[in-house]
Number of protein chains: 2
Amino acid sequence: MKDIKQKLIKLFKEGYCTPQIARIAKKIKEPSTTIHYNIKKLEKEGAVRGYNAVFDYKEIGLGYCTYLFIRLNTENYDKSEDIAKQIAKYENVESVDIVTGQYEIIVKLRCKDSDDYYVFVQRLLKKYGIAKAFSMTSLKQVKTEFVNL
Amino acid sequence: MKDIKQKLIKLFKEGYCTPQIARIAKKIKEPSTTIHYNIKKLEKEGAVRGYNAVFDYKEIGLGYCTYLFIRLNTENYDKSEDIAKQIAKYENVESVDIVTGQYEIIVKLRCKDSDDYYVFVQRLLKKYGIAKAFSMTSLKQVKTEFVNL
DNA sequence: ATATTTAATTGAATAATATTCGAAAAACAA
DNA sequence: TTGTTTTTCGAATATTATTCAATTAAATAT
């Protein structure tokens, strides 16, 4: 047993997927070369950032999903973008947004369980100047990444 | 001009992408048939729900991104899952979660602009028994769908 | 309006890739 | 051990992506 599963999951998050040109061509009844041309154009324009897999996260040991809301200390307020980028680097972070309202940053996190989550958040709070944080835990994921579950 | 772009964007949200078996095989130095076998297994298990494109949403006219927090009326409280599923059906809804805390549902929305957003939210509030809702608008998307922007 | 340039479409040929099949090896259970 | 199921993987085939060159369409300039 080579346990290729974990390697695949990792690569699928990085990309390693590609459009199905022939299938699209059949679907919208256009020559595949035309589809090819248009897709390459979208990629060059930057409209398409990549292609990746959508998981059932429970099945890959990341069933604990939380939204974390962060308010920075006043002295770090101007560094929100830097801090957001730092947080974005962690692989269990699905998304990071700088937002309007009582909190500066919304982080969507995917962890194995609450222990895993707790360790991660404690580390974040210490590392960056975070005045206040609270979280909402997903009890049921109804839709993710435009895919209905 | 056939304006294939919009059709591609629509199809890419539904899937119409596929893993790059040969590229993965080279990357982790295993035979492509072994990779093929393992991917099909992941799909059968349901761990992989599909493959799709990740966009730079500004580039495809969906630059206005908001998180919408919904509290239901007490008489609709037991219907939260039904309502969440209804909301999930709209194509500009990226994700829907039923969560812990002061609000029952978190919706991540992608709209063209604030007008577009306003029309959508007003419709939602009327249609479902929503006691209270508030939103946070993304000023800057730092990471989405595990992709750094 | 017409010439000029640029962008988009497409078929044919080729290159690359996915898939099927069957056999062998490994893991697992009784 | 023995039989059963799962996983690996090479060879052959089927399918798909990509390149190229030519045509057409669209945009732009004169």
Side-chain angles (χ1 to χ4, degrees), chain A residues 1-63 91 112 144-147, chain B residues 1-63 91 112 144-149:
Chain A
M1 269 276 283
K2 297 192 165 178
D3 197 23
I4 288 164
K5 183 173 170 176
Q6 293 308 317
K7 288 179 185 174
L8 287 177
I9 290 168
K10 188 168 175 291
L11 292 178
F12 281 157
K13 281 194 194 169
E14 290 176 32
Y16 285 89
C17 299
T18 193
Q20 292 179 295
I21 294 174
R23 201 173 144 225
I24 293 168
K26 270 172 206 157
K27 175 78 177 175
I28 66 177
K29 298 188 179 72
E30 297 288 350
S32 68
T33 46
T34 302
I35 302 302
H36 184 269
Y37 174 85
N38 278 276
I39 289 174
K40 292 303 152 197
K41 195 173 157 246
L42 274 177
E43 291 171 1
K44 267 177 209 145
E45 285 171 8
V48 171
R49 298 302 302 249
Y51 307 92
N52 63 20
V54 178
F55 300 100
D56 186 332
Y57 292 92
K58 289 187 303 294
E59 298 285 327
I60 62 168
L62 293 173
E91 66 168 359
K112 189 160 77 71
T144 325
E145 293 160 84
F146 293 101
V147 177
Chain B
M1 270 275 284
K2 295 190 167 179
D3 198 22
I4 287 164
K5 183 173 171 176
Q6 293 308 318
K7 290 179 184 173
L8 288 176
I9 290 168
K10 188 166 175 291
L11 292 177
F12 281 157
K13 283 194 192 168
E14 291 175 30
Y16 286 88
C17 299
T18 193
Q20 292 180 294
I21 295 174
R23 200 173 145 222
I24 293 167
K26 268 173 208 156
K27 174 79 177 176
I28 65 178
K29 296 189 180 73
E30 298 288 350
S32 69
T33 46
T34 301
I35 301 302
H36 183 268
Y37 173 85
N38 278 276
I39 289 175
K40 292 303 152 195
K41 196 174 157 243
L42 275 177
E43 291 171 0
K44 267 176 207 145
E45 285 171 9
V48 171
R49 297 301 303 252
Y51 307 92
N52 62 23
V54 179
F55 299 99
D56 186 333
Y57 292 93
K58 289 188 302 295
E59 296 286 326
I60 62 167
L62 292 173
E91 66 167 1
K112 189 161 76 73
T144 323
E145 294 159 82
F146 293 101
V147 177
N148 289 88
L149 297 176

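Per chain, numbering begins at 1; letters A, B, ... match sequence-line order. Keep in mind that the numbers below use all heavy atoms, side chains included, and drop hydrogens, waters and symmetry copies.
Looking at residues two or more places apart in sequence or on another chain, you find a side-chain hydrogen bond (donor to acceptor under 3.5 Å, both in side chains) between B:Lys10 and B:Glu14. For A:Tyr16, there are no side-chain hydrogen bond (donor to acceptor under 3.5 Å, both in side chains) partners at least two apart in sequence or on another chain. Applying the side-chain contact (heavy atoms from CB on, under 4.5 Å) test to A:Glu45 and every residue at least two apart in sequence or in another chain returns A:Lys41, A:Leu42, A:Ala47, B:Lys5. Residues forming a side-chain contact (heavy atoms from CB on, under 4.5 Å) with A:Lys7 (at least two apart in sequence, or on another chain): B:Ile28. Under the rule for a side-chain hydrogen bond (donor to acceptor under 3.5 Å, both in side chains), B:Lys26 has no partner lying at least two apart in sequence or in another chain.
Along DNA chain C, read 5' to 3', the first and last nucleotides having any atom under 4.0 Å from a heavy atom of chain A are C:dA7 to C:dA27.
A:Ala25 and A:Pro31 make their closest contact through CB-C, 4.3 Å (heavy atoms, listed as atom of the first residue, atom of the second, distance). Shortest non-hydrogen contact noted between B:Thr18 and B:Tyr51 is N-CB, 4.0 Å. The minimum heavy-atom distance between B:Glu91 and B:Lys13, with the atom names listed, is O-NZ, 4.3 Å.
Put simply, CG on A:Asp3 is 14 Å from C1' on D:dT8, counting in whole angstrom units.
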Heteroatom pairs (N/O) under 3.5 angstrom, protein to nucleotides 24-28 of chain D:
unit_1, atom_1, unit_2, atom_2, d
D:dA26, OP1, B:Met1, N, 3.3

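Taken from CG in A:Leu11 to SG in A:Cys17, the straight-line distance is 9.5 Å, to the nearest 0.5 Å. One finds the CD1 atom of B:Ile24 at 10.5 Å from the CD1 atom of A:Ile4 (value rounded to the nearest 0.5 Å).
For the salt bridge (charged side-chain N to carboxylate O under 4.0 Å, His left out) condition, the pairs that include at least one residue of residues 50-63 of chain A, sequence neighbours left out, are A:Asp56-A:Lys58, A:Asp56-B:Arg49. Residue pairs that meet the side-chain hydrogen bond (donor to acceptor under 3.5 Å, both in side chains) test with at least one member in residues 27-38 of chain A, sequence neighbours left out, are A:Glu30-B:Lys2.
Other residues, nucleotides and ligands place more than 12 heavy atoms under 6.0 Å from the CD atom of A:Gln6.
By the 4.5 Å heavy-atom criterion applied to side chains, A:Phe12 and B:Ile39 are counted as neighbours. Side-chain atoms of B:Phe55 and A:Val48, non-hydrogen and from C-beta on, do get closer than 4.5 Å to each other.
Using a 4.0 Å cutoff on non-hydrogen atoms, the parts of residues 16-26 of chain A near DNA chain D are A:Pro19, A:Gln20, A:Ile21, A:Ala22, A:Lys26, ordered by number. Only A:Thr33, A:His36, A:Lys40, listed by number, bring a heavy atom of residues 30-47 of chain A to less than 4.0 angstrom from any atom of DNA chain D.
Stem analysis of DNA chain C (Watson-Crick or G-U pairs, both distances under 3.5 Å, runs of at least three) returns C:1-30 with D:1-30.
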